[in-house]
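Reading through the structure tokens given below for one structure.
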Amino acid sequence: MDEEAQFPGSEGSDAVLPAVSVRALRGPAVRRLLALRREGKLATRDVRAMAETLGVRERAVWKWVAAAEQDEAVARAPGERTRYYGRFTVTAEVRALLGLWRGNVAAVHRELTARAARGEGEPPPSIPTLHRAIRRDLTAGERAGLAGGEGEARKHDVFLARPRGWRNQVWETDHVQAPVLVDVEGTALRPWITWFVDCATNTIMGVAVTPGYPSRESVLAALRAAVLRGEPFGPQGGLPEKVRVDRGRDFLSKAVAAAFGALVVQVEDLPACGGAPTPHLPAPRTTPTNHLSDASAHAPAPGLRRLTECCTDSLKGPEAASVQVRTARFCCFSTFWRRGGLAARA
């Protein structure tokens, strides 16, 4: 019987962690047990508890610790098959080919075979061996990133995480347009919501709803609703230690800054999306196409001048209804031109 035969525990159907995560814990667990043995503090109950946690037999854990004493490299991946010097491992060349062929292992194998035929390297192993080496040497995030790019790799990572604080330590505020239509004096409009959210509890502290574009008045109204706890507000409320705001003009206005200063609340102006502060704030009615239609960048494209003038029209009256359509047409045209479609037509 295999020494790693599954023991009723962590890797079963009722396991809290998936089998891959439990296997990843073997290395740190064995290194911890090895450190306890060197300090003379290792007890049988520790090994038994570790075996139950990892879902293996106690005898297997003892063998892992003994092997790690002889060679600490074994503690990196306890329980794996016996290593031998001829085993294939993923190299920098294989990584580069995986990125080039977007994670296609068969295409990588063909490329390595062709290079070996030209005398540019050793013959590659079989495709199943190459698959096993990639699964063993690369994490799921690395494999997804090589196949689909950074966006796919991020799905396997923990990011944008913040340490948990306490209630009223930090608030965040922003505007959001509700995805509903409201009858305002006979006109169907999508209202804007300004709210303050407590970062520790995700509680909406205060909110203000306006039929038109938000302004400093809506920010002050939402702040009043967030601070007061009496009827009709509350029961949440109080004064925060810090408020994070974006780079909107209404949040950075003198009236809002004076209100935060009177309440002795620290204001943290978050940087722009790129991570670096911008030298100026954009105009409130700037369209998304204004920054995309740089004449110097797109000058060789024929017919772009008329399209640019069409996309940068004022957003008043009936033109506001079709601006999204014109923006989409412009983006499609720009993408087609960048990919060499015009050159192919010529």
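Below, each value reflects all heavy atoms present in this structure, side chains not excepted, and no hydrogens, waters or symmetry copies.
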I would like to know whether W192 and V209 meet side chain to side chain contact (heavy atoms under 4.5 Å, CB included); could you show each step before the answer?
CA-CA 6 Å; W192 284 86; V209 182; over 6 Å; no

Could you please spell out the steps behind the salt bridge (charged side-chain N to carboxylate O under 4.0 Å, His left out) verdict for R38 and E69?
CA-CA 9 Å; R38 290 174 176 174; E69 274 190 314; 5.9 Å; no

Evaluate the criterion side chain to side chain contact (heavy atoms under 4.5 Å, CB included) for residue pair W171 and M205; output intermediate values, then yes/no.
CA-CA 9 Å; W171 289 0; M205 309 302 294; 3.7 Å; yes

Please determine whether salt bridge (charged side-chain N to carboxylate O under 4.0 Å, His left out) holds for the pair R154 and E150, giving the CA-CA distance in whole Å, both sets of side-chain angles, and the decisive distance to 0.1 Å.
CA-CA 6 Å; R154 286 197 172 195; E150 182 64 22; 3.7 Å; yes

Kindly determine whether E241 and W166 satisfy side-chain hydrogen bond (donor to acceptor under 3.5 Å, both in side chains), including the steps that lead there.
CA-CA 10 Å; E241 299 179 13; W166 53 89; 3.2 Å; yes

Is there a side chain to side chain contact (heavy atoms under 4.5 Å, CB included) between F196 and I204 once you walk through the steps?
CA-CA 6 Å; F196 285 83; I204 298 178; over 6 Å; no

Steps toward side chain to side chain contact (heavy atoms under 4.5 Å, CB included) verdict (V243, V245):
CA-CA 6 Å; V243 174; V245 302; 3.9 Å; yes

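A255 approaches L220 most closely through the heavy-atom pair O-CD2, 4.2 Å. Nearest heavy-atom pair across P124 and T113 is CG-OG1, 3.4 Å. When all heavy atoms of A153 and G145 are compared, the pair lying nearest together is CB-CA, 3.6 Å. R167 and G237 get closest at one heavy-atom pair: NH1-O, 4.2 Å. The shortest non-hydrogen separation linking D174 to F251 is CA-CZ, 3.8 Å.
Following chains of ILVMFWY side-chain contacts shorter than 4.5 Å, one cannot reach V256 starting from V176, and the two form parts of different hydrophobic clusters. The cluster map of Ile, Leu, Val, Met, Phe, Trp and Tyr, joined by side-chain heavy atoms under 4.5 Å apart, puts L223 and L228 in different clusters. Residues M50 and L42 share a hydrophobic cluster, clusters being chains of Ile/Leu/Val/Met/Phe/Trp/Tyr side chains in contact below 4.5 Å. Transitive grouping of hydrophobic side chains (ILVMFWY, heavy atoms separated by less than 4.5 Å) brings V180 and L189 into a common cluster. I127 and W101 fall into different hydrophobic clusters, where Ile, Leu, Val, Met, Phe, Trp and Tyr are joined by side-chain heavy atoms under 4.5 Å apart, directly or via other members.
For CD of E39, the number of neighbouring non-hydrogen atoms (other residues, nucleotides, ligands) closer than 6.0 Å is greater than 12. Counting heavy-atom neighbours within 6.0 Å of E120 CD, excluding the residue itself, gives a total above 12. The neighbour count for W62 CH2, taken as heavy atoms of other residues, nucleotides or ligands under 6.0 Å away, is above 12. Under a cut-off of 6.0 angstrom, the local environment of CZ in R216 is sparse, with at most 12 non-hydrogen atoms contributed by other residues, nucleotides or ligands. Heavy atoms of other residues, nucleotides or ligands lying less than 6.0 angstrom from CZ of R115 number more than 12.
Two residues are said to be in side-chain contact when any heavy atoms from C-beta on lie closer than 4.5 Å; L263 and V227 meet this criterion.
In terms of the side-chain contact (heavy atoms from CB on, under 4.5 Å) criterion, residue partners of T201 (sequence neighbours excluded) are, by chain and number, D198, T203. Legend: residues meeting side-chain contact (heavy atoms from CB on, under 4.5 Å) with A43, ordered by chain and number and at least two apart, are R45, D46.
Remark: the backbone N or O of P125 is paired with a side-chain donor or acceptor of H109 at under 3.5 angstrom. Between the side chain of T173 and the backbone N or O of W195, at least one donor-acceptor pair lies under 3.5 Å. With S218 contributing its side chain and P214 its backbone, the two residues share no donor-acceptor pair below 3.5 Å. Distance alone, capped at 3.5 Å, places no donor-acceptor pair between the N168 side chain and the G238 backbone. Under a 3.5 Å cut-off, the side chain of R190 and the backbone N or O of L181 do not form any donor-acceptor pair. The backbone N or O of G234 sits nowhere less than 3.5 Å from a side-chain atom of R229 that would complete a donor-acceptor pair. Judged by distance alone, the side chain of R143 and the main-chain N or O of L138 form a donor-acceptor pair under 3.5 Å.
Using modelled atom types, one finds no donor on one side chain facing an acceptor on the other under 3.5 Å when comparing D246 with H175. Between the side chains of E217 and S215, at least one donor N or O sits under 3.5 Å from an acceptor N or O. With 3.5 Å as the limit, one finds a donor-acceptor pair spanning the side chains of T129 and R132.
Atom CD in E58 sits 5.0 Å away from atom CZ in R48 (nearest 0.5 Å). Annotation: the span from K254 atom NZ to L252 atom CG amounts to 12.5 Å, rounded to 0.5 Å. Atom CG of residue N104 and atom CG of residue L146 lie 12.5 Å apart, to the nearest 0.5 angstrom.
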